[in-house]
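Report on the structure given below.
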Amino acid sequence: MSISIRPVHPVFVGEVTGIDISRPLTRDEVAAIEAGMDRYAVLVFRDQALTDDQQLEFSRNFGELEVTLAGQMAKPEDRRLGDRLELGDISNLNARNELRAREDRSRMYALANRLWHSDASFRAIGAGYTLLHGRVIPGKGGNTEFADMRAAYDALDSDQKAQADELVTEHSIVFAREQIGFTDYAPGNEDRLRPVQHRLVITHPVSGRKSLYLSSHIGGIVGWPVPEARALIRDLAEHATQRQFVYSHEWRVNDLVMWDNRTVMHRARAFNDMKEVRDLRRTSIKGTGLEVQQARAA
Ligand SMILES: [Fe+2]
């Protein structure tokens with residue numbers, strides 16, 4: 001059995017076969033996956049039964065893990081997955097493993113995942129890779145969609161590229177949540193909600209390709225009036241999420257999907273979360289700080 005990757009979309013996304021990611025990987029396998037990420041930006045692994053520990057172990061091959069913001073902000077008794085703060089709970093279940101009520105604050109907070117975003121772009125160093133593993137999948141809906149921000153950049157005209165290349169944006173979790181009317185933050189989280197700056201265009205350290213670093217967390221552009229900034233960001237997001245740049249992942253149990261937040265945006269799609277369970281586990285690798293260095297160089 002040897003690892004191979006085949007494209008599943010015209011511009012990005014590969015499916016990886018010939019590997020069992022529940023066991024320790026060889027250095028060559030890690031290198032093959034990293035090379036696949038540089039090329040495809042999203043990789044899909046089917047039929048990978050993983051425990052939480054195996055997912056954490058697999059993820060650590062690619063760098064230091066992030067602690068989730070939702071986990072940091074939740075009270076310990078509200079965390080369904082216990083004290084492993086590196087494991088994100090992407091489900092519609094509460095700490096008692098029951099479907100969350102319609103008015104549940106965690107449910108409403110998580111609804112912002114239906115907006116196109118890049119994970120943790122509201123941090124000074126955003127996420128590098130995110131890994132999501134499917135445990136329970138609803139019968140209908142609940143896809144995750146990805147949009148290739150390299151192809152989106154490439155498709156801008158030269159004036160648009162020159163403009164975007166110069167811009168520095170402001171990201172906060174507050175800007176994404178205000179778009180869906182969520183403002184109910186627990187006190188004591190002010191530092192985590194303060195905007196951070198990133199360049200709008202980043203260059204991938206390995207492939208050298210440029211991509212639009214877009215996210216619904218963006219609420220401003222440095223030096224621009226807010227309405228003008230938000231109008232431009234909206235135009236760019238519409239451009240970047242045209243269907244030819246988008247792959248929609250239809251989940252099966254034991255899929256693991258990993259993506260590079262510096263080269264793709266993603267969003268969750270709706271499902272009947274009052275009736276059906278959707279339970280995925282997320283791990284994220286800390287970014288390299290590339291975005292920050294580039295912002296300082298601006
Ligand atoms: Fe996300």
Side-chain angles (χ1 to χ4, degrees), residues 12-13 37 41-44 55 59 62-63 65-74 81 85-93 100 106-135 137-138 141-149 152 169 171-180 182 192-193 196 198 202 211-219 233 237 240-241 245-251 255-271 273 278-287 291:
F12 68 142
V13 189
M37 289 296 287
V42 180
L43 291 178
V44 176
Q55 181 173 349
S59 304
F62 307 104
L65 302 189
E66 258 192 2
V67 169
T68 71
L69 184 65
Q72 281 175 334
M73 296 203 296
L81 304 181
L85 287 183
E86 297 91 356
L87 197 67
D89 181 7
I90 309 297
S91 80
N92 56 328
L93 301 170
R100 284 183 184 144
S106 303
R107 172 178 183 263
M108 290 191 282
Y109 177 88
L111 282 170
N113 290 328
R114 298 228 315 249
L115 307 177
W116 285 106
H117 66 282
S118 174
D119 282 339
S121 75
F122 47 81
R123 289 186 162 164
I125 299 180
Y129 299 162
T130 296
L131 300 90
L132 202 51
H133 187 242
R135 303 289 175 88
I137 305 301
N143 285 9
T144 303
E145 293 187 342
F146 298 92
D148 188 336
M149 295 296 105
T169 56
H171 298 236
S172 164
I173 205 150
V174 172
F175 298 137
R177 265 75 194 170
E178 77 183 21
Q179 292 178 48
I180 58 165
F182 178 93
R192 297 185 177 120
L193 305 178
V196 300
H198 296 296
I202 57 179
S211 57
L212 285 171
Y213 193 51
L214 286 172
S215 188
S216 60
H217 301 126
I218 298 177
I233 294 300
T241 54
F245 306 132
V246 172
Y247 163 75
S248 185
H249 186 73
E250 214 168 296
W251 285 95
D255 281 352
L256 182 126
V257 180
M258 67 191 280
W259 66 87
D260 188 337
N261 287 290
R262 297 161 301 184
T263 48
V264 298
M265 273 205 293
H266 64 283
R267 66 172 174 178
R269 303 303 279 152
F271 68 103
D273 70 328
R278 182 175 185 265
D279 183 357
L280 297 94
R281 308 286 159 90
R282 186 181 83 175
T283 36
S284 294
I285 313 296
K286 277 190 184 155
E291 304 83 350

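Order of listing sets the numbers, starting from 1, for every ligand and every atom in it. This is a predicted model, so every value here is computed, not measured.
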Is there a side-chain contact between M265 and T241, using heavy atoms and a 4.5 Å cut-off? yes
Might you point out which heavy atoms bring N143 and S248 nearest each other, and give the distance in Å? ND2-OG, 3.0 Å
With sequence neighbours left out, what residues match S91 under side chain to side chain donor-acceptor pair (under 3.5 Å)? R80, D89
Go through the structure and list residues passing side chain to side chain donor-acceptor pair (under 3.5 Å) with R135, not counting sequence neighbours. D52, H133
Those residues at least two apart in sequence (or on a different chain) that pass side chain to side chain donor-acceptor pair (under 3.5 Å) with S59 are T283
What orientation do H117 and H217 show, parallel under 30°, tilted 30 to 60°, or perpendicular over 60°? perpendicular
Listing by chain and number, what protein N/O/S atoms are under 2.8 Å from the Fe ion (ligand 1)? H117 NE2, D119 OD1, H266 NE2
